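Every value quoted in this text rests on a predicted model; they were computed, and no experiment measured them.
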Amino acid sequence: DKIAAVRERGINFLHAFGTPENFKLTYYNEVLPEIYSDTAAVIGGKLYFYTVSGLYVYDGSSAKKTELPFCDDIVDCVAASEFGGRYILSGGSRILGRDALLVVNAEEGISYLVEADKGIPVADGEVLIYGADGSFSALEEGAEYLFESAETDFGKRGKKVLKELLLDA
């Protein structure tokens with residue numbers, strides 16, 4: 001019943017009432033941090049967008065910063081999309097020190113980083129992944145993928161990022 005327009009510093013709503021001439025423009029009145037372009041996605045009826053302060057969710061009445069892990073880690077944002085009920089943002093990770101995807105499943109309270117080229121195409125409801133041979137293919141929900149990292153001794157004390165988990169059934 002309304003169209004949301006995400007701007008650099010806020011959200012506008014266009015409400016239509018019957019004829020094309022009968023509409024109203026309203027504004028979300030709360031102050032928001034600067035919103036990165038191309039980071040808005042609708043998931044489960046909520047509007048997600050990434051700001052200089054991290055990931056925000058607008059539920060139809062208010063916008064709140066997401067408190068899930070890694071949701072304020074991404075810099076140099078490229079684009080975001082919805083995939084399988086998840087918010088996926090491509091950019092650079094401060095924690096990893098390299099390009100990554102931020103994956104957020106707010107319904108399950110899960111968020112994580114995936115090491116990936118920040119130039120990875122994320123748009124039109126699809127996330128494209130690339131293989132070792134440089135080929136791109138669409139990420140398919142329910143399919144199995146293998147990600148391998150180099151060996152590590154876990155180095156210095158501090159935050160660690162799990163890069164591979166093997167389960168042998």
Side-chain angles (χ1 to χ4, degrees), residues 4 6-11 28 30-59 62-132 136-141 143-167:
V6 179
R7 301 177 297 114
E8 183 178 331
R9 296 255 180 216
I11 308 169
Y28 179 68
E30 301 295 321
V31 176
L32 293 170
E34 180 182 345
I35 301 169
Y36 289 110
S37 63
D38 300 322
T39 65
V42 175
I43 302 161
K46 297 177 182 177
L47 177 64
Y48 289 72
F49 53 92
Y50 202 81
T51 74
V52 295
S53 298
L55 182 63
Y56 275 71
V57 180
Y58 177 75
D59 64 6
S62 66
K64 292 187 172 62
K65 185 176 178 189
T66 303
E67 298 300 327
L68 292 171
F70 311 114
C71 287
D72 59 359
D73 178 61
I74 300 295
V75 293
D76 300 326
C77 299
V78 174
S81 185
E82 181 275 343
F83 181 79
R86 294 170 190 86
Y87 177 82
I88 300 178
L89 175 66
S90 176
S93 166
R94 289 185 199 113
I95 292 172
L96 295 177
R98 60 182 81 75
D99 297 343
L101 297 177
L102 168 65
V103 181
V104 178
N105 184 333
E107 185 176 306
E108 294 182 17
I110 299 170
S111 59
Y112 53 92
L113 297 170
V114 176
E115 184 179 343
D117 178 5
K118 76 176 171 187
I120 193 166
V122 181
D124 299 326
E126 284 195 327
V127 176
L128 302 182
I129 59 171
Y130 61 98
F136 282 87
S137 62
L139 184 65
E140 296 177 28
E141 189 170 3
E144 292 184 16
Y145 298 91
L146 173 66
F147 173 78
E148 294 182 37
S149 68
E151 289 187 30
T152 181
D153 62 0
F154 291 104
K156 299 177 189 172
R157 233 179 152 174
K159 285 188 177 180
K160 306 294 181 213
V161 178
L162 180 65
K163 293 187 178 182
E164 182 179 10
L165 177 64
L166 298 176
L167 301 174

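When all heavy atoms are compared, the tightest approach of Tyr56 to Pro33 is OH-CG, 3.5 Å. The shortest heavy-atom contact between Cys77 and Tyr36 is SG-CD1, 3.6 Å. Here the closest non-hydrogen pair linking Ala106 and Leu68 is CA-CD1, 4.1 Å. Arg9 and Glu34 get closest at one heavy-atom pair: NH1-N, 3.3 Å. Nearest heavy atom pair, residue Val104 against residue Ser111, reads CG2-CB, 4.0 Å. Taking both residues in full, the closest heavy atoms of Ala41 and Glu82 are given as CB-N, 4.1 Å, listed atom of the first, atom of the second, then distance.
In this structure, Lys65 and Asp72 have side chains that are in contact, with non-hydrogen atoms separated by less than 4.5 Å. Taking the side chain as every heavy atom from C-beta outward, Pro69 and Tyr112 never approach each other to under 4.5 Å.
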Under the side-chain contact (heavy atoms from CB on, under 4.5 Å) rule, what do Leu102 and Asp73 come out as? Steps first, then yes or no, please. CA-CA 8 Å; Leu102 168 65; Asp73 178 61; over 6 Å; no
Start with the C-alpha distance between Leu47 and Ile11, add both sets of side-chain angles, then the distance that settles side-chain contact (heavy atoms from CB on, under 4.5 Å), and finish with yes or no. CA-CA 10 Å; Leu47 177 64; Ile11 308 169; 4.2 Å; yes
Please evaluate residues Arg86 and Ile110 with respect to the criterion side-chain contact (heavy atoms from CB on, under 4.5 Å), reporting the C-alpha separation (whole Å), side-chain torsions for both, the decisive distance (0.1 Å), and the verdict. CA-CA 10 Å; Arg86 294 170 190 86; Ile110 299 170; over 6 Å; no
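One finds the CD atom of Glu67 at 10.5 Å from the CG atom of Leu55 (value rounded to the nearest 0.5 Å). Interatomic distance, Phe70 CZ to Leu89 CG, rounded to the nearest 0.5 Å: 14.0 Å. The OG atom of Ser53 sits 10.5 Å away from the CD1 atom of Ile35 when rounded to the nearest 0.5 Å. The line from CD of Glu107 to CD1 of Ile43 is 10.5 Å long, rounded to the nearest 0.5 Å.
For Tyr50 (side chain) and Ile74 (main-chain N/O), a donor-acceptor pair under 3.5 Å exists by modelled atom type. Of the possible donor and acceptor atoms, one in the side chain of Tyr87 sits under 3.5 Å from a partner among the backbone N and O of Thr39.
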